[in-house]
Amino acid sequence: MDKQKVAEVLEEMAVLLELKDENPFKIRAFQNGARAVESLEEDLEKLIQENRLTSVKGIGEHMAKTIKELVETERSKEHAQLKKEFPEGVLAMLTIQGLGPKKVKVLYQKLHLKSIPELEKACHDHKLLKIEGFGEKTEENILKGIEYLKKNIGKHLFPKAQEEAQKLANYLSSSSKVKHISIAGSLRRCKDSIKDIDIVVSSDHPQDVMKIFTAYPFTDRILAQGDTKSSIILQSGINVDLRVVSDTEYPFALLYFTGSKEHNTVMRGIAKDKNLKLNEYGLFKGTKSVPCKTEADIFKALELSYIEPELRENSGEIEAAQAKKLPTDLVEFKDLKGTFHNHTTESDGANTLEQMVEKAMSLELDYLGISDHSQAAYYANGLKPDRVKKQWKAIDHLNTKLKNFKILKGTEVDILPDGSLDFPDSLLAEFDFVIASVHSKFKMSEKDMTQRITKALKNKHVTMIGHPTGRLLFEREGYPVNLLELVNVASDYGKAMELNSHPARLDIDWKICKYAKSKGVPVSINPDAHRTSGIEVLKFGVGIARKGWLAKKDVLNTRPLKEIEKFLKSYH
DNA sequence: GCCGTTTTCGGCCCGACTGTTTTCAGTCG
């Protein structure tokens with residue numbers, strides 16, 4: 001069992017202990033243990049072999065034994081014992097907003113509710129009112145929470161779907177029967193939430209390819225198997241459609257199955273205007289087909305500039321392609337020269353300043369902005385001014401030792417409910433950059449929230465707003481805020497906007513990126529990294545930025561260090 | 001359960017909000 005898996009088991013044990021109403025500090029010990037394992041720099045198996053597990057902070061005798069057991073036998077007796085006490089569905093209830101372990105435990109013990117559907121019915125029948133501590137509002141909120149979960153059922157975050165798709169694509173490519181292969185659909189378009197995986201293959205032996213496909217070892221169920229199309233459900237629960245076509249059909253199939261549906265509809269209309277017919281098999285003039293070897297050829301045949309897959313949402317890209325006004329140099333990962341918004345062990349990060357810097361250097365970045373939390377973020381071990389100054393010293397010291405790399409001193413300062421900031425201006429003035437974020441009091445009216453954030457953005461020391469809507473995909477809606485107005489203010493005051501690259505955030509949304517670009521507001525692609533591997537999520541931010549039509553010049557952190565320092569100086 | 005320039009027990013990040021109560025428990029960040 002690998003680190004990630006071990007951490008997940010420990011995390012689940014913490015949840016089960018919570019359900020059992022165990023000592024809260026014991027629960028936290030398991031959570032800490034999980035985090036410690038997950039953020040291990042060293043090889044877990046090596047640590048076990050050399051009997052050094054307990055030397056890791058947060059792992060004691062007991063946890064070390066459990067981890068060893070998990071790695072060596074793939075299971076833990078204690079974990080199995082805990083799981084036996086609560087049915088699966090009871091754990092699932094915890095994913096409902098506003099329902100924690102205490103309430104779930106009562107629902108299970110008093111009403112014998114064992115799953116979300118049972119809970120839903122009980123709410124409709126007003127059975128919860130009988131229990132002390134539960135009222136009408138609670139029932140309403142639970143139902144709302146269930147609604148929200150249902151809305152997102154069967155959807156997956158981009159990285160999860162991407163990983164599964166890539167694994168499967170690699171498996172298929174290893175067959176000599178597969179000539180061309182591409183991941184298509186919403187994954188290829190870099191959408192932030194993915195419903196299923198589409199793969200397009202060209203082959204002279206479609207039946208063989210289908211056999212190989214349905215024999216994929218990580219298949220849970222085969223839904224359909226034909227000569228051109230087969231569908232399976234993976235063990236991870238993701239649906240996969242495979243299309244197999246001939247080599248000549250391949251570019252057309254790829255275009256068609258990349259979509260979007262709306263984009264395809266307009267494309268077919270354009271073909272029709274030229275007396276042509278476009279479908280997944282080809283482009284036809286009467287019964288004669290127009291030969292195209294690549295997607296680019298198809299666009300050319302329709303007198304359009306090439307449209308990158310990320311842009312194919314029918315949101316103006318076809319008109320722009322007709323007018324030859326599409327951005328030609330969409331941002332790429334290699335364009336990023338540095339990045340902001342990174343946490344260290346000073347606040348709630350899992351890795352030290354040194355480790356974060358080392359990672360950034362390995363990604364060939366030239367600068368890294370450190371922005372630990374401010375004092376109001378107690379839960380995240382936010383820094384008081386004296387600790388900020390200590391960190392500055394550490395950064396200064398490390399900077400003198402670094403060649404061709406610079407650490408920028410920043411903060412992720414809390415925006416307090418009245419729009420004021422969690423540090424005095426005198427302190428803010430001394431940071432290289434300031435990210436201002438909302439972490440509290442989400443339930444404000446849109447007007448009040450917009451005012452609150454606007455006030456923060458207007459503070460002359462603030463560089464940008466962090467995760468501007470606070471959304472967590474599939475978990476929580478963002479707070480209500482008028483983003484267009486925020487972008488307008490950013491434009492007026494010469495500020496930047498953050499594109500938080502965390503796959504569950506991807507905040508601001510790609511649609512807002514487009515608006516920011518139109519207003520000349522630079523977008524900063526930030527990782528919001530809480531560990532070294534967290535910096536790698538920048539690639540997802542790049543995907544969203546591309547989707548939002550951002551070219552290299554529209555992204556703040558494609559600028560070289562010298563330019564960035566000049567830009568940041570304007571905030572002093 | 002983990003930790004300790006406090007060595008074998010006592011402390012472990014805090015505060016706001018909500019909905020339930022009528023003084024507070026549960027949840028969240």
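The chains referred to below are lettered A, B, ... by the order of the sequence lines, with proteins before strands, and numbering in each begins at 1. Below, each value reflects all heavy atoms present in this structure, side chains not excepted, and no hydrogens, waters or symmetry copies.
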task: Quickly, which of Thr345(A), Thr411(A), Thr344(A), Asn381(A) forms a side chain to side chain donor-acceptor pair (under 3.5 Å) with Asp372(A)? Name it, please.
output: Thr344(A)
Just checking [X]: base, sugar-phosphate only, or nothing, at a heavy-atom cut-off of under 4.0 Å?
{"X": "Thr138(A)", "value": "sugar-phosphate"}
{"X": "Ile27(A)", "value": "nothing"}
{"X": "Val106(A)", "value": "nothing"}
{"X": "Glu61(A)", "value": "sugar-phosphate"}
{"X": "Glu136(A)", "value": "sugar-phosphate"}
{"X": "Pro24(A)", "value": "nothing"}

Using the [atom1] atom in both, what is the distance from [N] to [M], to the nearest Å?
{"N": "dG10(B)", "M": "dG15(B)", "atom1": "C1'", "result": "24 Å"}
{"N": "dC13(B)", "M": "dT5(B)", "atom1": "P", "result": "15 Å"}
{"N": "dT20(B)", "M": "dT27(B)", "atom1": "P", "result": "13 Å"}
{"N": "dT18(B)", "M": "dG11(B)", "atom1": "C1'", "result": "30 Å"}
{"N": "dA16(B)", "M": "dT21(B)", "atom1": "P", "result": "24 Å"}
{"N": "dG19(B)", "M": "dC12(B)", "atom1": "C1'", "result": "29 Å"}
{"N": "dC28(B)", "M": "dT23(B)", "atom1": "P", "result": "26 Å"}
{"N": "dT7(B)", "M": "dC2(B)", "atom1": "C1'", "result": "14 Å"}

Rounded to whole Å, how long is the line connecting atom [atom1] of [X] with atom [atom2] of [N]?
{"X": "Lys65(A)", "N": "dG1(B)", "atom1": "NZ", "atom2": "P", "answer": "10 Å"}
{"X": "His62(A)", "N": "dC3(B)", "atom1": "NE2", "atom2": "C1'", "answer": "16 Å"}
{"X": "Leu17(A)", "N": "dC12(B)", "atom1": "CG", "atom2": "P", "answer": "21 Å"}
{"X": "Asn32(A)", "N": "dC12(B)", "atom1": "CG", "atom2": "C1'", "answer": "9 Å"}
{"X": "His439(A)", "N": "dC13(B)", "atom1": "NE2", "atom2": "C1'", "answer": "15 Å"}
{"X": "Gln31(A)", "N": "dC12(B)", "atom1": "CD", "atom2": "C1'", "answer": "13 Å"}
{"X": "Tyr479(A)", "N": "dC28(B)", "atom1": "OH", "atom2": "P", "answer": "18 Å"}
{"X": "Asp414(A)", "N": "dG15(B)", "atom1": "CG", "atom2": "C1'", "answer": "12 Å"}

- prompt: Distance check: side-chain N/O of Arg476(A) vs OP1/OP2 of dC28(B), anything under 4.0 Å?
  reply: no
query: Would Gln97(A) and Asn141(A) count as having a side-chain donor-acceptor pair, cut-off 3.5 Å?
result: no
Nearest-neighbour nucleotide for the [X] side chain, [options] considered:
{"X": "Met63(A)", "options": "dT18(B), dG19(B), dC2(B)", "value": "dC2(B)"}
{"X": "Arg28(A)", "options": "dG15(B), dG29(B), dC12(B)", "value": "dC12(B)"}
{"X": "Tyr379(A)", "options": "dG29(B), dG26(B), dT18(B)", "value": "dG29(B)"}
{"X": "Tyr378(A)", "options": "dG29(B), dC13(B), dC14(B)", "value": "dC14(B)"}
{"X": "Phe25(A)", "options": "dC12(B), dG26(B), dC14(B)", "value": "dC12(B)"}

query: Is the backbone N or O of Asp418(A) less than 3.5 Å from a side-chain atom of Lys455(A), with the two atoms forming a donor-acceptor pair by type?
result: yes
Within 6.0 angstrom of Lys514(A) NZ, more than 12 heavy atoms from elsewhere: yes
- prompt: Is it true that Lys359(A) and Glu536(A) make a salt bridge, defined as a side-chain N closer than 4.0 Å to a carboxylate O?
  reply: yes
message: Between Lys517(A) and Asp554(A) (salt bridge meaning N to carboxylate O under 4.0 Å), is one present in this structure?
response: yes
message: Checking understanding here: a glycosidic angle within 90° of 0 is syn, the rest anti, so what is dT18(B)?
response: anti
query: Asn141(A) or Ser440(A): which one's nearest nucleotide on DNA chain B is closer to the 5' end?
result: Asn141(A)
- request: With DNA chain B as reference, determine whether Ala29(A) or Glu132(A) sits nearer its 5' end, using the nearest nucleotide of each.
  value: Ala29(A)
statement: For dG15(B), the nucleotide meeting Watson-Crick or G-U wobble distances (both under 3.5 Å) is dC28(B)
message: When you measure only distances, ignoring hydrogens and angles, does the side chain of Asn23(A) come within 3.5 Å of the base of dG1(B) through a donor and an acceptor?
response: yes
field: Heavy-atom pair of closest approach, residues Gly369(A) and Asn342(A)
entry: O-ND2, 3.0 Å
